[in-house]
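Below, each value reflects all heavy atoms present in this structure, side chains not excepted, and no hydrogens, waters or symmetry copies.
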Amino acid sequence: NKFQHPFAIGRDLTLNSLSDALTWRWAALKNGLLDSMAYRFEFLLGVLSSAVVPLVIQLLLWNAIFSQPGQTQLVGMSRHDLVMYTIARVLFSQIRGGDIDFELAELIRTGQLSSYLLKPVSVIEFMYLRGSAPKFLVSFICLVCGVVFVGISGGSLTRLAGAMTLALVGNLIHFQISAALSVVAFY
C-alpha cells in the first residue's frame, strides 16, 4: 500500500493535478478579463467615471474650502492630508465593489447554475475568479498609481501594500458572504 497524506483524501497530489488546478483557474481569470474587456471603451469609461469624476469634484471642494483666507485646516487635517486621503479613497473605491455576487444569484434565480454544476470545478470559486479578473487589473493599476502618489507625498509603501491587500481580502469576504446567502436561498 502506498502511503497517502491524511489531508489528501481521494486526491493524488502530483505535479499534474496541481498543474490542472492552476490551468482552469488561470483560464477563468483570463475568461473574465476578456469578457470585461470585450467593450474596452465601456470598461475604460466605467473606470474613469467612477474614479476621475469623484476625484475632480472632491479636489475642487478642497480647493474652494482652502482658498478662504485663514483656512489652513479642516477638522484637524491640512490641505495636503485631505488631498492624499481623497486620492487613497478613490484608489480603494476602484478595488472594492463589483457585481460578481449578483451574477451568482442571477444564475441561481434563472436556473442556469445547473450547467456549471456539471463541470469538475468549484462553481463559487469559478464565479469569483471570473468576476474578479477586471478588479485585479484595476487593482494593479491602482497599486501603480498609489506607488507614484506615495513616492510624491513621502508616504509608506508598506502601508500601501497592506491596505491594498486588505482591500482585496475585503472583496473576497464580501463575495463569500454573498455567495453563502445565494446558496442558502437556493435550498
ILVMFWY network linking V148 to Y85, side-chain heavy atoms under 4.5 angstrom: no
Do S67 side-chain atoms and A64 backbone N/O form a donor-acceptor pair below 3.5 Å? yes
Can you find a heavy atom in the side chain of M127 that is under 4.5 Å from one in the side chain of L107? yes
Transitively linked via ILVMFWY side-chain contacts under 4.5 Å: F126 with L172? yes
If you look at every heavy atom in F66 and S78, which pair is closest and at what distance? CZ-C, 4.0 Å
Is any side-chain heavy atom of Q58 closer than 4.5 Å to a side-chain heavy atom of R89? yes
Output, in order, the C-alpha distance, side-chain angles, deciding distance and verdict of side-chain contact (heavy atoms from CB on, under 4.5 Å) for R130 and L29. CA-CA 5 Å; R130 188 174 172 277; L29 280 168; over 6 Å; no
Can you tell me how the ring of F136 sits relative to the ring of Y128, calling it parallel under 30°, perpendicular over 60° and tilted otherwise? perpendicular
Residue from V53, L61, L59 passing side chain to side chain contact (heavy atoms under 4.5 Å, CB included) with I57: V53
Validation: residues 154-170 side-chain donor-acceptor distances under 3.5 Å, sequence neighbours left out:
unit_1 : atom_1 : unit_2 : atom_2 : d
S156   : OG     : T158   : N      : 3.4
S156   : OG     : R159   : N      : 3.2
T165   : OG1    : A161   : O      : 2.8

Pairwise side-chain contact, Q71 with I65, heavy-atom cut-off 4.5 Å (strictly under): yes
Is the shortest heavy-atom distance from the side chain of Q73 to the side chain of R79 under 4.5 Å? no
Assigning hydrophobic clusters by single linkage (Ile, Leu, Val, Met, Phe, Trp, Tyr; side-chain heavy-atom cutoff under 4.5 Å), is V147 placed with F140? no
Kindly work out whether a path of hydrophobic side-chain contacts (I/L/V/M/F/W/Y, heavy atoms less than 4.5 Å apart) joins L55 to L74. yes
Can V52 be reached from L60 by stepping across I, L, V, M, F, W or Y side chains whose heavy atoms are under 4.5 Å apart? yes
For L33 and P134, work out which heavy atoms get closest and say how close. CD1-CA, 4.2 Å
